[in-house]
Trainee: 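Input: one structure, supplied below.
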2 protein chains.
Amino acid sequence: MSARQILIVEDERPIREMIAFGLRRAGFEVIEAEDSRAARARIADRRPDLLLVDWMLPDVSGLELTRALKKDKDTRDVPIILLTARAEEQDKISGLDGGADDYVTKPFSPRELLARINAVLRRTGSTSPDEVVEAGGLALDVAGHRVTVGEQTVPLGPTEYRLLSFFMTHPERVYTRSQLLDRVWGGNVYVEERTVDVHIRRLRKALEAFGCDQFIQTVRGAGYRFSTRPV
Amino acid sequence: MSARQILIVEDERPIREMIAFGLRRAGFEVIEAEDSRAARARIADRRPDLLLVDWMLPDVSGLELTRALKKDKDTRDVPIILLTARAEEQDKISGLDGGADDYVTKPFSPRELLARINAVLRRTGSTSPDEVVEAGGLALDVAGHRVTVGEQTVPLGPTEYRLLSFFMTHPERVYTRSQLLDRVWGGNVYVEERTVDVHIRRLRKALEAFGCDQFIQTVRGAGYRFSTRPV
DNA sequence: GGCGCGAGTCACGCGTCCGTCACAATGCGC
DNA sequence: GCGCATTGTGACGGACGCGTGACTCGCGCC
């Protein structure tokens, strides 16, 4: 369908943002929640592909959240990775009992986390195979983390890729600069809105060589839109 | 789409005014209150779009105010951002429990505050599903922010789009120039009423190419109407 | 350490759109 | 038919939004 969406449920903002940052760099779409209640709301409206749940949460413990989600048939299939502090190591077992698909002990290296996320996605991926989104000659290869035209790969920087990837999975819809910053850059980053313009420009330039730059459309006074239909 | 109204509830006047200054610069309309009681009065008569509430207030704490407002069905939907000093950090959680939509710790950068305000407004304001309004061959694509006839897009400027968009969602009804200025331009702009005529003219011209200009009808002495039925 | 790359910001230029005006055209009451 | 009120229309000045190239800074790599 798109770049994989990962929901981070973690109450400590700095940790949450650090993880989110790493995952976005790795090409995931990241959603954040600070407690179980918020997590349930995000799950309902964003349907993430994987959950990273901190063991210690302000309202309900991560374990309880896991148990609850694994009981609900709507959320049963969403893989869950639990984050636990080392001191709580003994609880791992009950974590897996609760239905979590894996666990990672803090502190962990981003690389380790990524490896586990990919492992879990691969394992559960049989139900939702790596998809390829096509639009106007462009092919978004999520697994390969690239965009191709025919046999050629479009050379894109990380941000350009995330931007195009987001657009291709959300076509025919206008997004304001603010919304794009939220969904592509991540909710808690503070950059100028005009930064979006610059990356749009770079993306267009990259697509130009393949004759696909007209798909990125400017909607004056509103924002940008990805559309294969003429302006 | 008028400017968003933000109510600042903060007892220290210098801080309040500084925040207000920044928000006004960013295009918001700002209302101020120095305590909970005043806040409730302003909410009742001004109906702000968002509340910035300081944690420490002279009468009732910001948290209590938040709880109270979130219980009242009239004010439940107004998003609230709590301002807390760093020393009170542990209270964040109960702040969110109380129903606040976000929190910002002092000291904060104006940019961060703006980003959070926008994020909250976006989250609470854009829950509408993709809708398409059809009328007389015209299709208003709200999400895509455009109007199409068949496969073709009607080329419209921002104001023309807003005007047509308003008409298509409020058809078969006469609106005076004054009402149109209110609903399409936004309540607090001062422009000549005849400006409406000019934009009606431009809109008609844009629709003419598609044979749809007769839908915009003049009602002499009253105003304009969008109707797919013949005059 | 030097290097290149990419991200974010800025300043400038240009095109588009907006609000206003003046004048033409049209409708309405007498 | 006449005169007044109301609306249509074209033009214009200015503002604003966006595209664009250049710059700086931080980071990873050799």
Side-chain angles (χ1 to χ4, degrees), chain A residues 18 21-22 24-27 109-111 145 154-164 174-178 180-182 184-186 188-208 213-225 231, chain B residues 1 3 25-27 109-112 114-115 145-146 153-165 174-178 180-182 184-186 188-208 213-225 231:
Chain A
M18 195 196 63
F21 179 75
R24 287 200 178 95
R25 273 188 71 114
S109 71
R111 185 173 299 170
H145 206 263
V154 182
L156 296 170
T159 305
E160 286 148 42
Y161 171 78
R162 286 205 310 279
L163 186 57
L164 180 54
V174 171
Y175 292 90
T176 64
R177 292 169 175 74
S178 175
L180 289 172
L181 285 177
D182 204 26
V184 178
W185 273 254
N188 296 318
V189 73
Y190 314 113
V191 294
E192 294 291 325
E193 293 207 335
R194 296 284 325 259
T195 298
V196 175
D197 297 34
V198 179
H199 282 274
I200 288 282
R201 148 90 173 138
R202 290 169 181 160
L203 179 53
R204 277 177 175 151
K205 203 160 194 174
L207 291 174
E208 200 175 13
D213 55 310
Q214 77 280 6
F215 296 155
I216 309 287
Q217 298 166 0
T218 304
V219 181
R220 196 175 169 78
Y224 296 97
R225 170 180 56 207
V231 187
Chain B
M1 204 202 297
R25 270 186 70 117
S109 73
R111 184 177 292 178
E112 178 185 0
L114 270 181
H145 210 269
R146 59 173 157 187
T153 299
V154 182
L156 297 170
T159 305
E160 286 148 42
Y161 171 79
R162 286 204 310 278
L163 186 56
L164 180 55
S165 160
V174 177
Y175 292 91
T176 65
R177 292 170 175 74
S178 172
L180 288 172
L181 284 177
D182 253 18
V184 178
W185 272 254
N188 298 321
V189 288
Y190 177 68
V191 291
E192 295 290 326
E193 291 208 336
R194 294 292 318 265
T195 298
V196 175
D197 298 34
V198 179
H199 281 275
I200 288 283
R201 149 87 176 141
R202 289 170 181 160
L203 179 53
R204 278 177 175 150
K205 201 161 193 175
L207 291 175
E208 200 175 9
D213 55 312
Q214 76 281 6
F215 298 155
I216 309 289
Q217 298 164 2
T218 305
V219 181
R220 199 178 174 84
Y224 297 96
R225 170 180 56 205
V231 192

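Bear in mind the structure is a predicted one, so any value in this text is a computation, not a measurement. Naming: A, B, ... by sequence-line order, numbering from 1 per chain.
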Trainee: Grab the CZ-C1' distance between R204(B) and dT9(D) for me, whole Å please.
Mentor: 12 Å
Trainee: To the nearest 0.5 Å, what is the distance between CD1 (I216(B)) and CD (E208(B))?
Mentor: 12.5 Å
Trainee: Taking the axis from the first five pairs and the axis from the last five, what angle separates them in the helix from dG1(C)-dC30(D) to dC30(C)-dG1(D), rounded to 10 degrees?
Mentor: 30°
Trainee: May I have the distance from L163(B) (atom CG) to dC17(C) (atom C1'), rounded to whole angstrom?
Mentor: 14 Å
Trainee: Please report the C-alpha distance between H199(B) and L203(B) in whole Å, then the side-chain angles of each, then the deciding distance to 0.1 Å, and finally whether the side chain to side chain contact (heavy atoms under 4.5 Å, CB included) criterion is met.
Mentor: CA-CA 6 Å; H199(B) 281 275; L203(B) 179 53; over 6 Å; no
Trainee: Rounded to the nearest 0.5 Å, how far does CZ of R220(A) lie from OG1 of T159(B)?
Mentor: 10.5 Å
Trainee: Sequence neighbours left out, what passes side chain to side chain donor-acceptor pair (under 3.5 Å) with Y224(A)? Give chain and number order.
Mentor: R177(A)
Trainee: Supply the atom-to-atom distance L164(A) CG to R204(A) CZ, rounded to the nearest 0.5 angstrom.
Mentor: 12.5 Å
Trainee: Step by step, would you call I200(A) with T218(A) a side chain to side chain contact (heavy atoms under 4.5 Å, CB included)?
Mentor: CA-CA 9 Å; I200(A) 288 282; T218(A) 304; 5.6 Å; no
Trainee: Do any side-chain nitrogens or oxygens of R177(B) fall under 4.0 Å of OP1 or OP2 in dT6(D)?
Mentor: no
Trainee: Sequence neighbours left out, what passes side chain to side chain donor-acceptor pair (under 3.5 Å) with T195(B)? Give chain and number order.
Mentor: none
Trainee: Among residues 189-198 of chain B, which contact DNA chain C at a heavy-atom distance under 4.0 Å?
Mentor: V191(B), E192(B), T195(B), V198(B)
Trainee: Output a table of nitrogen or oxygen pairs between the protein and nucleotides 28-30 of chain D separated by less than 3.5 Å.
Mentor:
none

Trainee: Rounded to whole angstroms, how far apart are CZ on R162(B) and C1' on dC17(C)?
Mentor: 11 Å
Trainee: To the nearest Å, how far apart are R220(A) CZ and dA15(D) P?
Mentor: 15 Å
Trainee: Kindly point out which of dG19(D), dG19(C), dT9(C) is positioned nearest to the side chain of W185(B)?
Mentor: dG19(C)
Trainee: So which nucleotide from dA7(C), dG19(D), dT20(C) ends up closest to the side chain of Y224(A)?
Mentor: dG19(D)
Trainee: Taking the side chain as every heavy atom from C-beta outward, state whether L163(A) and E160(A) have any atom pair closer than 4.5 Å.
Mentor: no
Trainee: Expressed as a whole number of angstroms, how long is the span from I216(A):CD1 to dC18(D):P?
Mentor: 15 Å
Trainee: List in chain and number order the residues that pass side chain to side chain donor-acceptor pair (under 3.5 Å) with T153(B), two or more places apart in sequence or in another chain; answer none if no residue qualifies.
Mentor: R146(B)
Trainee: Mind calculating the distance between CD (E208(B)) and C1' (dT9(D)) to the nearest angstrom?
Mentor: 12 Å
Trainee: Check whether any side-chain nitrogen or oxygen of T159(A) sits under 4.0 Å from OP1 or OP2 of dG6(C), and answer yes or no.
Mentor: no
Trainee: Run the side chain to side chain contact (heavy atoms under 4.5 Å, CB included) test on V154(A) and Y161(A) for me, step by step, so that the C-alpha distance in whole Å, both residues' side-chain angles and the decisive distance to 0.1 Å come before the verdict.
Mentor: CA-CA 9 Å; V154(A) 182; Y161(A) 171 78; over 6 Å; no
Trainee: Side-chain contact, heavy-atom cut-off 4.5 Å: L114(B) with Y190(A)?
Mentor: no
Trainee: Starting at atom CG of L203(A), determine the distance to atom C1' of dG6(C), rounded to an integer number of angstrom.
Mentor: 15 Å
Trainee: Classify the side chain of R202(A) and the base of dG8(C) as holding, or not holding, a donor-acceptor pair under 3.5 Å.
Mentor: yes
Trainee: Atom NZ of K205(B) to atom P of dA11(D): distance rounded to whole Å?
Mentor: 8 Å
Trainee: How long is the straight-line distance from CG of L156(B) back to NE2 of H145(B), given to the nearest 0.5 Å?
Mentor: 10.5 Å
